[in-house]
There are 2 protein chains.
Amino acid sequence: MFSGAQISLYPMTDDFVGVIHGALGALDPYRDQMRVSTDDLSTLLVGSTDVLFPAMRDLFVAAAASGKHCVLHATVSRGCPGEPDDPICTPSSSMVSALPLEERKQAALAAVRETPMTGETVSAQFSLYVLGIDQHMDEIYGCIDFLKQSGVFHSSKNFCTKLRGEAGAVFATINEAFCRFGPTMGHVTLDITVSAHSPSPS
Amino acid sequence: MFSGAQISLYPMTDDFVGVIHGALGALDPYRDQMRVSTDDLSTLLVGSTDVLFPAMRDLFVAAAASGKHCVLHATVSRGCPGEPDDPICTPSSSMVSALPLEERKQAALAAVRETPMTGETVSAQFSLYVLGIDQHMDEIYGCIDFLKQSGVFHSSKNFCTKLRGEAGAVFATINEAFCRFGPTMGHVTLDITVSAHSPSPS
């Protein structure tokens, strides 16, 4: 299966280039497990979901450590038809959808609890799209039930779900929603926005 | 049918609040045709697609006129199950999918040609998701064919399509892709990123 993300980092400061360059080192521990390429709109990360979400988390937390208002946007995809299967995308641990739904919910909650703290509080919103023939509504409802128990659920908004809390738990929650629910080999995508240090009330 | 967008504007400058506030007046001509509400992550616009895309275009062009590197992100949706039908969302002109595919392609190309110039050149990328049972691959291929003839097609990327050109034509092209293809009353969403004045080569 092919998996990856188009990610963009937006530091709201005159020194946005400096903040981005200062944060890129956070990707170094993951570079041998991903392919990375950049244009003027986004950076493509191709790799397993085990690596994508921690890499996005560490990049974003490094940028947010500048104290500036920073936003990360990501378009994440797995199982896209027409993309070649790629060994670099094979996850080691998640997507165990042979397990019953309730067991997967509990595993997802445990994964969120075990995720490391980062010291940054963030707001996030995301849309999860399960594409193809079978909409798996039981899976979607199971995922929503997991989100509400995740400890970082904030609210349902039009077209997306809002989370707020410790960055580690927020990224882990989105990771688990993406990997543990829906068809194991199906085409699933995310539209994610994560924000820190916004001057607007959350 | 319900339609709307969660939009966010990211000016990469210390004065991001000033740039955003300075651009908001561009929404005034559309406000009586939309409902608007804002939190720390995005602004929800609920209205017909006839209004959503011109409103997003004018807001973004007004922000980009600052000369700063600015990005607009939008999550756009029509036909989302569970959302109430709403008269404010009824389009006056587009979504004429009773017409044959080839006629719709020609109508979409004509609409792009007729769109007003804005004076801003932008890069954009978007993902179009047709949700539900029938994937309408003929519709998708028809849409891709339209995009390649639109005059602003740049390249196919992983998970999205990149456009580059005059902002009027870019927004009109995304609008036409969203409205003229796929099931008329189906659930269709977009994940859009538009960028101006990036220091990175396009």
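Please read all numbers here as calculations on a predicted model, not as lab measurements. Values reported hereafter were calculated over all heavy atoms of this structure, with side chains retained and with hydrogens, waters and symmetry mates removed. We name chains A, B, ... by the order of the sequence lines, and we start the count at 1 in each one.
Using a 4.0 Å cut-off between charged side-chain N and carboxylate O, A:Lys148 and A:Asp145 make no salt bridge. Between B:Asp39 and A:Lys162 there is a salt bridge, since at least one side-chain N of the basic residue sits less than 4.0 Å from a carboxylate O of the acidic one.
Interface remark: B:Ser198 contributes side-chain atoms only to the contact with chain A (heavy atom separation under 4.5 Å). In this structure, the portion of B:Val17 lying under 4.5 Å from any heavy atom of chain A is its side chain and not its backbone. Only the side chain of B:Ser127 comes within less than 4.5 Å of a heavy atom in chain A; its backbone stays farther off. Only the side chain of B:His69 comes within contact range of chain A, judged by heavy atoms closer than 4.5 Å.
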Original post:
After noting the C-alpha distance and the side-chain angles of A:Phe60 and A:Ile7, does the key distance pass the side chain to side chain contact (heavy atoms under 4.5 Å, CB included) rule?
Top reply: CA-CA 10 Å; A:Phe60 183 70; A:Ile7 68 169; over 6 Å; no
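Comparing A:Ser200, A:Ser123, A:Cys160 by heavy-atom pairs within less than 4.5 Å of chain B, the highest count is held by A:Ser123. Considering only heavy-atom pairs separated by less than 4.5 Å from chain B, the leading option among A:Cys80, A:Ser195, A:Pro11 is A:Pro11. Of the listed residues (A:Val46, A:Thr38, A:Val71, A:Val19), the greatest number of heavy-atom pairs within a distance under 4.5 Å of chain B belongs to A:Val71. Put simply, of A:Asn158, A:Leu44, A:Asp15, the one with the most heavy-atom pairs under 4.5 Å next to chain B is A:Asn158.
For B:Val194 against B:Phe171, the heavy-atom pair with the smallest separation is CG2-CZ, 3.9 Å.
Residue-environment remark: NZ (B:Lys105) exceeds the threshold of 12 foreign heavy atoms within 6.0 Å.
B:Asp58 and B:Tyr30 form a side-chain donor-acceptor contact under 3.5 Å, judged by distance and modelled atom types alone.
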